[in-house]
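Reviewing the structure listed below.
Along the sequence shown, residues carry numbers from 1.
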Amino acid sequence: MNMLWIVSGQTYQQLPIDFKTFRQATVGNTQHQTFTFSYPFEKGQMTLSSEKNGRLLVSYGEERIAELSVSESFVWREQGQALTFALTETAVKEAVYYIDYESEVSFSTSDEAADVYQQKEKVCSRAKRRILLIKDKREVEGLL
């Protein structure tokens with residue numbers, strides 16, 4: 001599985017790409033496209049299609065403008081704005097964990113008022129693909 005990232009300014013959109021099943025995606029400034037950005041698109045929408053060699057072909061209007069393979073990126077500029085296309089090997093896995101009803105949890109090696117305070121440089125412990133964060137200061141000191 002691959003992940004296609006398209007970045008415009010401070011926003012990005014992503015799409016999982018499986019070359020066995022992926023055929024085509026579009027990029028434009030209307031809701032009908034797979035990717036929608038506030039961008040000039042003077043020649044209409046861009047089209048992304050899969051190639052037999054495991055690459056993505058980027059077309060704009062009738063013109064082929066780039067081919068992307070894994071770990072490559074491509075920047076298209078128009079009217080002073082840029083669209084960056086990048087293809088990565090796998091999706092970046094991300095998880096959000098909520099702790100009690102706190103809206104923010106602070107970690108520190110210098111501020112004793114922080115939710116998690118540890119004098120040493122480490123404030124978390126990695127154990128078999130999980131990161132364990134402990135709120136109780138005594139537990140943190142005992143574990144690390």
**Message:** Run the side chain to side chain contact (heavy atoms under 4.5 Å, CB included) test on Thr30 and Phe41 for me, step by step, so that the C-alpha distance in whole Å, both residues' side-chain angles and the decisive distance to 0.1 Å come before the verdict.
**Reply:** CA-CA 10 Å; Thr30 66; Phe41 295 105; over 6 Å; no

**Request:** Tell me, with the steps shown, if Glu78 and Lys43 meet salt bridge (charged side-chain N to carboxylate O under 4.0 Å, His left out).
**Result:** CA-CA 10 Å; Glu78 202 167 353; Lys43 297 180 185 178; over 6 Å; no

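For the 3.5 Å distance criterion, the side chains of Glu62 and Ser59 fail to qualify, holding no donor opposite an acceptor.
Hydrophobic clustering, with ILVMFWY side chains joined whenever heavy atoms are under 4.5 angstrom apart, groups Leu68 together with Ile65. Under the 4.5 Å side-chain heavy-atom criterion for grouping Ile, Leu, Val, Met, Phe, Trp and Tyr, Met3 is not connected to Leu87 through any hydrophobic cluster. Linking Ile, Leu, Val, Met, Phe, Trp and Tyr whenever their side-chain heavy atoms come within less than 4.5 Å leaves Phe35 and Val7 in two separate clusters.
Residues Thr36 and Gln13 approach most closely at O-NE2, 2.6 Å, considering heavy atoms. Taking each heavy atom of Glu67 and Leu57 in turn, the nearest pair found is CG-CD1, 4.0 Å. The shortest non-hydrogen separation linking Arg77 to Tyr39 is C-OH, 3.5 Å. Considering all non-hydrogen atoms of both residues, Thr88 and Val70 come closest at C-CG1, 4.1 Å.
You'll find the side chain of Arg23 reaches within 4.5 Å of the side chain of Ser50, heavy atoms only. By the 4.5 Å heavy-atom criterion applied to side chains, Phe22 and Leu4 are not counted as neighbours. In this structure, the side chains of Phe19 and Leu56 come closer than 4.5 Å at one or more pairs of heavy atoms.
Thr34 pairs in a side chain to side chain contact (heavy atoms under 4.5 Å, CB included) with only one of the listed residues (Leu15, Ile6, Val27), which is Leu15.
Note: Tyr60 and Trp76 meet the aromatic proximity criterion, with ring centroids under 6.0 Å apart.
Side chain of Thr84 to backbone of Val75: no donor-acceptor contact under 3.5 angstrom is found. Judged by distance alone, with hydrogens and angles left aside, the side-chain atoms of Glu72 form a donor-acceptor pair with the main-chain N or O of Ser69 at under 3.5 Å. Using modelled atom types, no side-chain atom of Asn29 and backbone atom of Phe37 make a donor-acceptor pair closer than 3.5 Å.
Atoms OG1 and NE2, from Thr26 and His32 in turn, are 10.0 Å apart once rounded to the nearest 0.5 Å.
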